[in-house]
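Proteins get letters first, then strands, A, B, ... in listed order; numbering begins at 1 in each.
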Amino acid sequence: MAELEKKSPADVDDPKAIETAVNENQKKLEALSLLAPEDGGVGGGGPPLLDDYDDDSQIQAVASSGTVYESATTFEDLKLTPELLKGLHDEMGFSRPSKIQAVTLPMILTPPYQNLVAQAHNGSGKTTCFVLGMLSRVDPSRRIPQAICICPTRELAQQNKSVLMRMSKFTGITCASAISPALKDYMPISKMAPVTDQVVIGTSGTLIKWITNKKLATRDIKILVFDEADHMLAEENFMSDSKRIMRDIQSSAGDCQLLLFSATFNEKVKDFITKVIKEGNQIFVKKEDLTLDKVKQYKVRVPDEIAKIEVIRDKIFEFGQKVGQVIIFVRTKISTMHLHNALTKEDYVCSSIQGSLDHSEREKVIQEFKDGYTKVLISTDLLARGFDQSQVNLVINYDMPIKYNSRDEPDYEVYLHRIGRAGRFGRKGAVFNLLCGETDDILMTKIENYFQHKVQEVPSWESEENFETVLKDAGLLE
DNA sequence: ATATTAG
């Protein structure tokens, strides 16, 4: 017991763990205690829980308003409706809040409803935070949109909607997904009925289309959520869409609560966002503490591009499928197809997805993968963020992620999001970075330095034994 | 490069 008590306070007291991203103009700042809920060391028993995952210890929060929030030990502490509690326990199977949920839910749900910018590790339960936020703030008896969530991809919007629908099972709240329909379902906007669902989750383009065509009334919006917020507010096209939606809501509904969630907020984005979102609470994680301990990263040096395909074929298909599902990330749409063709030509079964695939085809590929029919999925960065499939234990970086207009500058955020597709909710996972040539070595080294995390090398790309050994080390093989 | 619209 004494050991348990010592551990967490040390993390919070460590001055190096305390971030300095606090605006000077914020008057009263109160660092919050982020200690894990005291579970008395009972150990609980029962199925593995969301909050068995304990890597959030380095989270640091700042309350800007002088409000003191008490971290929630149980979902019951949050004064959620009985219907929502039933959804959490019976439908979702959650028993206690994870750390990010324990910290942010009081901030989201306590009046006066403050804005929140929150960063937390991949797979730590951010979706539940903002879904509960939306569900708690809408009035189920009023059939008009009251909450909007903006996502970067159709897939993420649909995934978030399905989480929300499960959680809201006993509440009577309904949800619309604002994504462009598959071609076969196309209908002119003029024929569309106005939205009466309380919650709308979608991609920016379609949300704007619905708003400008008066199909989505914004005058009663109380809460606006940005999933993958750093991406939605930093990347140029997304940013203008996001600002536009914020303006529309502001002009018709006035101030509404803003929730910004992501696993990554680089310094530039953090600066920008804390300027735009002046008031509210903030939670950030140091980049050095952001990689998941349970997801082991490896680098594999290969002599040429052909060798990458051989590694996929002989090692990944050999071992990868044994350990669960696999996602292979490539840089371009065209190489998605090339790799897919190269593998299918030799009778290996896999599927692939990228943005120019027909919408209904995309849905089919995702459904088959989520149902477990396909084990290996090749993807562009379409799936880099947010995609949640607990069976994915292995991620392959066939191409390293690089910044736009650059050859040797890695995209650190994309890297972190990609590897976060493995190791959902504290599960074990492994990542293989396939490196070919000097540039890839430079990229890998920069990534190691940025996250202050040494990536172990697989000695020989040709050795089955080597792959077997590291997968055992990662805890994926017996 | 990748993603989101446009009909």
Scan for salt bridge (Lys or Arg N to Asp or Glu O under 4.0 Å) pairs involving residues 306-323 of chain A, sequence neighbours excluded, and state none if there are none. A:E305-A:K308, A:K308-A:D399, A:R313-A:E346
Under the ring-ring contact (aromatic ring centres under 6.0 Å, His included) rule, what pairs show up with a residue in residues 244-267 of chain A, not counting sequence neighbours? A:F130-A:F261, A:F265-A:F284
Going by atom type alone, with no hydrogens or angles, which donor-acceptor pairs under 3.5 Å involve a side-chain atom of residues 348-355 of chain A and a protein atom two or more places apart or on another chain?
from, atom 1, to, atom 2, distance (Å)
A:S352, OG, A:H340, ND1, 2.6
A:Q354, OE1, A:S356, N, 2.9
A:Q354, OE1, A:S356, OG, 2.6

Using the side-chain hydrogen bond (donor to acceptor under 3.5 Å, both in side chains) criterion, which residues pair with A:D440? Sequence neighbours excluded. none
Taking only residues at least two apart or on different chains, which pairs with a member in residues 352-396 of chain A satisfy ring-ring contact (aromatic ring centres under 6.0 Å, His included)? none
Classify every nucleotide of nucleotides 1-7 of chain B by which part a protein heavy atom approaches to under 4.0 Å, writing B for the base, S for the sugar-phosphate alone and - for neither, in 5'-to-3' order. BSBSSSB
